[in-house]
There are 2 protein chains.
Amino acid sequence: MLTIPCRACPLRTRPLFVQMTPDEVAFMESLKIDEAVVEPGATIQMEGSASPRLFTVLQGQGLRYKTLPNGRRQIICFVFPGDFLGLQAALLGEMQHSVEARTRMMLCVFDQRRVVEVFEEHPSRARSLSAIAAVEGGILGETLASLGQRDAAQRIAWALTRVWNRLGAIGLERDGAVPLTFRQQDMADFLGLSLVHTNKTLARFRQGGLCDWSDGTLRLHDPEALARLAHVEPARPAKRHLM
Amino acid sequence: MLTIPCRACPLRTRPLFVQMTPDEVAFMESLKIDEAVVEPGATIQMEGSASPRLFTVLQGQGLRYKTLPNGRRQIICFVFPGDFLGLQAALLGEMQHSVEARTRMMLCVFDQRRVVEVFEEHPSRARSLSAIAAVEGGILGETLASLGQRDAAQRIAWALTRVWNRLGAIGLERDGAVPLTFRQQDMADFLGLSLVHTNKTLARFRQGGLCDWSDGTLRLHDPEALARLAHVEPARPAKRHLM
DNA sequence: CGAGGGTTTGACCTACCTCAACACACGTGG
DNA sequence: CCACGTGTGTTGAGGTAGGTCAAACCCTCG
């Protein structure tokens, strides 16, 4: 039995997300087949395989990553509540990256075959699915620009402000802090930096009073300065779609 | 008048692309409103604006890029025949990057509003549109992994083998060479390298007998060695969708 | 013939990497 | 209770891949 029917989903009322019509919500509820809880470290989806179950993240944090033939790991992006997992499996038949949980996560479960049928059954939901893909593409483009054109400090500042805004937008800020449950190694693998350099840069930020990311908690003491350092343009609204 | 009706399009018979049903081809033909030729250097779409015209590239080469607030430029990817331009404009209402022509290009033109209606009118075409978005996401992920985890020589080797395979797949190889009409600066801005270092690495490849990219022409003398250097897994088929 | 865009080359420098140790917290078993 | 491993964060020392600067060398084109 579903403990959280879509119509009572705490996420979808957040202003970050494009609002659904009651009809859409009802349709999604008919698509939702289960809820799942996964433990930290669990692999949710595997690069190269076709995930028969697709997910919307309700709670928790995780990451998408690729393992390269040379053994190194690139983190594609961090995964937060509201993210949809398995889009490539649905549209291409195969995931191009793996997804792993970093905290305990609660997931909304969909049947991959039913999701594919969305194109025949519910055009506006199909549009949202495509929009999700397009938004992710845009984010990846921005990430690419960070890796290619920003130096280490700028990259880290960029990533932290990004995460900060995202987590704030889904209401996870408490007392000027958001939970950020990754290791420094994860951040390094995300930004193409070494662990050591990531660590030292974070220490500099901390000593400089810019921000403090420790014990799984991120505090931005001076968000403007950080954004300026990162060369981030003033936060665009950029609504997201939920599945 | 259209000089190339979709049913006679030379691209869509290439094995690289997922084949359409006659019904789909007819539908696309009803969507196609024009053909356009743009000159080298022309801006086809602009970051931040909603392009009212969407394109499928028939001929020529171009690039997608973002300009960062700090003035630097990140090339997102190279644009080749078969690519669809304006997906973000269609799905999100706004382009997140610009598109510029590097050679004279021939484009298939669609009306943005009509494309959006594809979700109501033609589910299987809508699926293809989404698949295009998903494929692009996968490619961006791979690019991300290159920027983050490969050194300069590996990045260049990776990019060249990628381009080589792509251009080969659409039948542009002649006498062991494909046309590649970019500047070294473009490649540098794509891979997050300086022009100087890109140039020197290319020179090393040339002297080492690996490949030769000059005068707008790319020759891979030893594709296997290059792929080995780049740590590229043996070419996956990875079909693409056309619009 | 000069101007401008792209490529090439050399000299120098630094941002970042690697290696290596240590610190601290946790759990497990003796 | 302590001894220990293991995983994560921290710090220092030294090395190098790749950046920047600068100049020259093509081209083509007006």
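Labels below follow one simple rule: chain letters A, B, ... track the order of the sequence lines, proteins then strands, and each chain is numbered from 1. Computation of the quantities below employed the complete heavy-atom set of this structure, encompassing side-chain atoms and omitting hydrogens, waters and symmetry-equivalent molecules.
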Notebook entry, point to check: First and last nucleotide of DNA chain D in contact with chain A, 5' to 3', at under 4.0 Å to a heavy atom: what are they?
Noted result: D/dT8 to D/dA13

Notebook entry, point to check: Between B/T56, B/V38, B/I4, which is the residue that forms a side chain to side chain contact (heavy atoms under 4.5 Å, CB included) with B/M106?
Noted result: B/I4

If only atom types and distance count, is the side chain of [X] paired as donor or acceptor with the main-chain N or O of [Y] below 3.5 Å?
X      : Y      : answer
B/K66  : B/R73  : no
B/Q154 : B/D151 : yes
B/R219 : B/G176 : no
A/D83  : A/F80  : yes

Check: So, A/Q88 and A/Q96: side-chain donor and acceptor under 3.5 Å apart, yes or no?
Finding: no

Item checked: Polar side chain donor-acceptor pair, A/W213 to A/Q184, under 3.5 angstrom -> no

Item checked: Close approaches to DNA chain D from residues 187-194 of chain B, in residue order (heavy atom, under 4.0 Å) -> B/G192, B/L193, B/S194

Check: When you check every protein heavy atom under 4.0 Å of nucleotides 3-14 of chain C, what one-letter string (B, S, -) results, 5' to 3'?
Finding: ---SSBBBB---

Notebook entry, point to check: What about B/F84 and B/F55, are their ring centers closer than 6.0 Å?
Noted result: no

Item checked: Length of the line joining A/H197:NE2 and C/dT18:C1', which is rounded to integer Å -> 13 Å

Check: With the threshold set at 4.0 Å, does a side-chain nitrogen-carboxylate oxygen contact exist between B/E100 and B/R64?
Finding: no

Notebook entry, point to check: Would you find more than 12 non-hydrogen atoms of other residues, nucleotides or ligands less than 6.0 Å from A/R206 atom CZ?
Noted result: yes

